[in-house]
Amino acid sequence: MSIKSLLICILMFCNLLFSGALTAKWFEDSQAIMGTNIHVELWSDSPQQGQGAIQMVMDEMRRIDQAMSPYIESSELSLLNKHAAKDYVAVSKELFDLIVLSVELAKETGGAFDITFASVGYLYNYRAHLKPQQSQITDLLKAVNFRHLRFDSHKNRIFFAHPNVKIDLGGIAKGHAVDNAIELLRKSGIKHALVTAGGDTKLLGDRLGKPWMVGIRDPRNQHKQSVVLPLANTGLSTSGDYERYFEQDGKRYHHILSPKTGESAYEVQSVSIIGNRSTLNDALSTAVFVLGVQKGMDLLNRTPGYDGIIVDNQRKLHYSNTLVE
Ligand code: ADP
Ligand code: MG
């Protein structure tokens, strides 16, 4: 190779390097989907890839919302709730697997996480400040029990063995959506990304050599953080009594219900779970919220790979064992 052609090659290489470096940047977007705020940040070499990747995440969120929202009459979840007390209803493999996992988690959490909370749960309307009468709660509590769910795993069919059963995936679907979104990004070649759906966040890689700084907000002051954690390649989900609630007669009626009482759980103000799978972080944050400090920490300390931070109702912070070791 002549010196001239070598020089040309080097020049072309530099040009390629620079053009990549010049167009590589952070892309971000926020949209209201799944009744919450979806936020995406990612690093990409080109605007086409960057914007395409964000679009892909938002499309995935919309797809899951269409299938799993209780507010969309045609969703698979709504159809299941409408018909499964009469006969077995066939659902997609994705929904079937998520409901089976939810029941496994109900067993592991002693029923603290139970998607059948919804027969009572649907009587609350936090926006309209409506809560059920005690007699209505007592009546429907009989339907709150994951053991009422029957599965036909050959045909992905589900049956509710009690006439009043309703299920709701509000405590696990956003974690599932965030796991899916990060997996799609990883497969498309993205190396650094953050995806948040409400209280569920997952990180792909780090923030270009530095960790992502993810905050746990002060449950009583939305402008303050209680804790900020440096994280990479993992997930963090927070459940709080400030997300959806109203106050009446000095009491806070919020969206995390104890399946035993059909009322909001009061022992803590927020629970954050750190672990690789956001689907589990999401469900565990709800479960630990219901269980309270002692039983919640016991659960986390016997669950490898999943750590937690609790803000109790006196605003005191509690950390699971591996975070303080
Ligand atoms: P969000 O991110 O919406 O704040 P959380 O992870 O805190 O969600 O879960 C709260 C949601 O979980 C509620 O809105 C409701 O849909 C559902 N949920 C409430 N109580 C329970 C429970 N005991 N078991 C399972 N799901 C629940
Ligand atoms: Mg949750």
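We number each residue from 1, following the sequence as shown. This is a predicted model, so every value here is computed, not measured. The figures here come from the full heavy-atom set of this structure, side chains too, leaving out hydrogens, waters and symmetry mates. Both ligands and their constituent atoms are indexed starting at 1 by order of listing.
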inquiry  = Just to be sure I read this right, does ligand 1 sit under 4.0 Å from the backbone of F117, its side chain, both, or neither, counting only heavy atoms?
reply    = side chain
ask   = Can you list every salt bridge (charged side-chain N to carboxylate O under 4.0 Å, His left out) pair that touches residues 47-65, not counting sequence neighbours?
value = D59-R62, E60-R63, R63-E94
ask   = Quick one: does G198 get a heavy atom under 4.0 Å from ligand 1?
value = no
query = Which part of I256 is near ligand 1, with near meaning a heavy atom under 4.0 Å away: side chain, backbone, both or neither?
reply = both
task = Output yes when a side-chain donor or acceptor of H254 lies under 3.5 Å from a complementary backbone atom of Y266, and no otherwise.
result = no
query = Taking only heavy atoms of G170, which atoms of ligand 1 are found under 4.0 Å from at least one of them?
reply = 8 (O), 9 (O), 11 (C), 12 (O), 16 (O), 17 (C)
inquiry  = Tell me if the aromatic rings of Y88 and F159 count as close, with their centers under 6.0 Å from one another.
reply    = yes
ask   = Does P259 reach ligand 1 with a nitrogen or oxygen that is under 3.5 Å from one of the ligand's nitrogen or oxygen atoms?
value = no
ask   = If you count the atoms of ligand 1 from 1 in the order shown, which ones are under 4.0 Å from a heavy atom of R244?
value = 3 (O), 14 (O)
task = From atom 3 (O) of ligand 1, work out which of K174, M34, E243 has a heavy atom at the shortest distance.
result = K174
task = Take H255 and Y124 through the side-chain contact (heavy atoms from CB on, under 4.5 Å) test and state the conclusion after the steps.
result = CA-CA 8 Å; H255 68 146; Y124 288 85; over 6 Å; no
ask   = Are the side chain of Q136 and the backbone of Q133 linked by a donor-acceptor contact shorter than 3.5 Å?
value = yes
query = If you count the atoms of ligand 1 from 1 in the order shown, which ones are under 4.0 Å from a heavy atom of A112?
reply = 22 (C), 23 (N), 24 (N)
key: Distance (rounded to the nearest 0.5 Å) between Q66 CD and I33 CD1   = 10.5 Å
ask   = If we only count N/O pairs under 3.5 Å, is G171 in contact with ligand 1?
value = yes
request  = Check each atom of ligand 1 against the heavy atoms of D168 and keep those under 4.0 Å away; list them by number with element.
outcome  = 15 (C), 16 (O)
request  = Assess A265 for proximity to ligand 1: is some non-hydrogen atom of it under 4.0 Å away?
outcome  = no
Single-linkage hydrophobic cluster L105~L257, side-chain heavy atoms < 4.5 angstrom = no
query = For ligand 1, is there an N or O atom under 3.5 Å from any N or O atom of S239?
reply = yes
query = How does S258 reach ligand 1, if at all, at less than 4.0 Å between non-hydrogen atoms: by side chain, backbone, both, or neither?
reply = neither
query = Checking side-chain contact (heavy atoms from CB on, under 4.5 Å) for the pair L149/F160: CA distance, chi angles, key distance, verdict?
reply = CA-CA 5 Å; L149 304 185; F160 298 166; 3.4 Å; yes
request  = Could you pull out all residues at least two apart from V228 that satisfy side-chain contact (heavy atoms from CB on, under 4.5 Å)?
outcome  = M213, Q225
